[in-house]
There are 2 protein chains.
Amino acid sequence: MPNAFIRKLQSFGSLVENDISALQGLTANARNVPARSDLIREGDRPGPMFVVLDGWAQRYKILPNGTRQIVAFLLPGDACDLHVGTLAEMDHSIQTVKAARVATIGSGIMERVMDHHPNIQRAMYRAQLTDEGTLRAWIVSMGRRSSIERVAHLMCELYLRASRIGLVHGEGFELPLSQIALADALGMTPVHVNRVLKDLRTTNAMEVRRGTMIIANPVALAQIAGFDENYLHRRMRQAN
Amino acid sequence: MPNAFIRKLQSFGSLVENDISALQGLTANARNVPARSDLIREGDRPGPMFVVLDGWAQRYKILPNGTRQIVAFLLPGDACDLHVGTLAEMDHSIQTVKAARVATIGSGIMERVMDHHPNIQRAMYRAQLTDEGTLRAWIVSMGRRSSIERVAHLMCELYLRASRIGLVHGEGFELPLSQIALADALGMTPVHVNRVLKDLRTTNAMEVRRGTMIIANPVALAQIAGFDENYLHRRMRQAN
DNA sequence: CGACGAATTGATCTCGGTCAACTTTGGTGG
DNA sequence: CCACCAAAGTTGACCGAGATCAATTCGTCG
């Protein structure tokens, strides 16, 4: 079975045998990385591109006042584009959340492969657009949603993404995020995240137990999140 | 002189004569669009891709509760990628802010051109990555910056972007955004935007007069915004 | 067992939102 | 050229969602 990166790209456009073996070659050097290791740090010169084959990672930025903002979660199959030499230095860091398996693709190599494999090029471009959509959704959440809506929305997003890559088993999936991490992703304080989670738990919408998120009532959760009805149903159905 | 779109792509990688004439052909059908016209609406099927050649546009989303979140500003040269058929329907709308000149590139046509022009492909990909960086910066602002920092940061961003495309004249540049629009971009209320602008005005950092933003003290503004010192200096210098 | 990080809960505070009035600006038509 | 109108800007009074501060409790791992 092809790895998570290949599977993700395949979902964005058909790849031929030749494309797949190229990707296989690119990711052959995958290594295991322990939890909470920085793959690259803010200020570093953008180096290689990383691909998460297994486990979770996150992009984050530490502000001058010491607070942290997580800007994206990277699930298996996700690639960390590093501005491919456009920028002089990284404006944020990338770190594993839990133990992960990540492949490293030397800068320039990916571009060369894309030049020779239009299918890969196209799939990467589309993956990029999808990521952008996720970023926009985060901005909407942070700007105009209440804290409970924000939490619910992030959970819906993660649930959807997890289910697309086959990480949902039964009613739940592994959520290796502390309340501190959630707070830093949602622009809230850990204390308030805790209270909101309690709310969601007592209203039987969802629950996090020992690193596993359980969505007891997906419809209720999506309604709290303010998911567009149509959007929700289409996606939730196709996901299952 | 090539149009703003071509100039922007050139800044991301060299284009040959052949590439440029292809782009010229793509944007030959540019038309004038009055202010506040929707180019495409949430729920529409993603159609063509739009390129702003002159004027301002914005991406925004209206939430179920009626509030609006602006997710990006599009300046001359910026393209509105529309998920190229990945998504069944738009999850946000795109609208002109002021009278603008926009070219329409049929869906599929851009992909075909990119397949035949690797230089364009590469430049588009890099432009995409840059846009993503901007989105991440917005998330950081909304999550972890105070209202005055947020306002100052957005102003720094717009100033930088305007200066890169030659829109800064003397100490200021045209800012066709009402306080309502700023509020919707920053996740604040118009009332509070007004107060923050007053603050910035009385501390002589910056000022908006009749649609023109004047940065009296760029260093002070950047300090308020929490711009990374190095980042600031490098960029601000290269911009002038 | 001991210890440290994370989760939980209560008390209190504050930044920014809400509500409401009034002023300024810019555009339109008589 | 001015009267009028709508939209945007401005200001004050008050409120509340979420932050802050602080104290336990819980879980896990050496």
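Chain naming here is simple, since letters A, B, ... match the order of the sequence lines and numbering starts at 1 in each. Computed from heavy atoms alone, side chains included, the values below leave out hydrogens, waters and symmetry copies.
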(request) Starting from P on dA7(D), measure out to CD1 on Ile180(B) and report it in whole angstrom. (result) 10 Å
(request) Please tell me which of the listed nucleotides, dT8(C), dT10(D), dT20(D), lies nearest to the side chain of Asn194(A)? (result) dT8(C)
(message) From CG of Leu200(A) over to P of dA7(C), roughly how many Å is that when rounded to an integer?
(response) 15 Å
(message) From the set dT18(C), dT9(C), dA6(C), return the single nucleotide nearest to any side-chain atom of Val191(B).
(response) dT18(C)
(message) Tell me whether the side-chain N/O atoms of Arg201(A) come closer than 4.0 Å to OP1 or OP2 in dT8(C).
(response) yes
(request) Among dA19(D), dA7(C), dG9(D), find the nucleotide with the atom closest to the side chain of Gln179(A). (result) dA7(C)
(request) For Leu182(A) and dA19(D), give me the distance from atom CG to atom C1', rounded to whole Å. (result) 17 Å
(request) Measure from CE on Met142(B) to P on dG18(D) and round the result to the nearest Å. (result) 14 Å
(request) Please check the phosphate of dT8(C) (OP1 and OP2 only) for any side-chain N or O of Lys198(A) closer than 4.0 Å. (result) no
(message) Please determine whether any donor N or O and acceptor N or O are separated by less than 3.5 Å between the side chain of Arg195(A) and the base of dG10(C).
(response) yes
(request) Whole angstrom is fine here: how far is it from CG in Asp199(A) over to P in dT9(C)? (result) 11 Å
(message) Using the side-chain heavy atoms of Thr189(A), tell me which of these nucleotides is nearest: dT20(D), dG9(D), dA7(C).
(response) dT20(D)
(request) Would you indicate what Gly187(B) reaches in the nucleic acid, counting non-hydrogen atoms under 4.0 angstrom: base, sugar-phosphate, or nothing? (result) sugar-phosphate
(message) Using modelled atom types and a 3.5 Å cut-off, is there a donor and acceptor pairing between side-chain atoms of Asp38(B) and backbone atoms of Arg41(B)?
(response) no
(message) Testing the basics here: between Ala181(B) and Ile70(B), what is the closest heavy-atom pair and its distance to 0.1 Å?
(response) O-CD1, 3.4 Å
(message) Checking contacts here: which listed nucleotide (dG18(D), dA6(C), dT10(D)) is nearest the side-chain heavy atoms of Arg36(A)?
(response) dA6(C)
(request) Choose from dA7(C), dG9(D), dG16(C) the nucleotide whose nearest atom is closest to any side-chain atom of Ser178(A). (result) dA7(C)
(request) Round to a whole Å and report the spacing from CG of Leu197(A) to P of dA7(C). (result) 9 Å
(request) For His192(B) and dT18(C), give me the distance from atom NE2 to atom C1', rounded to whole Å. (result) 13 Å
(message) Counting only side-chain nitrogens and oxygens, does Ser147(B) get under 4.0 Å of the OP1 or OP2 atom of dC15(C)?
(response) no
(request) Please check if any side-chain donor atom of Arg31(B) sits under 3.5 Å from a side-chain acceptor atom of Thr104(B), or the reverse. (result) yes
(request) Figure out the CZ/C1' separation between Arg150(A) and dA19(D), and round it to whole Å. (result) 12 Å
(message) Would you say Gln95(B) and Gln58(B) are linked by a side-chain donor-acceptor pair, where the criterion is simply a distance under 3.5 Å?
(response) yes
(message) Could you tell me if the side chain of Leu177(A) sits less than 4.5 Å from the side chain of Trp56(A), heavy atoms only?
(response) yes
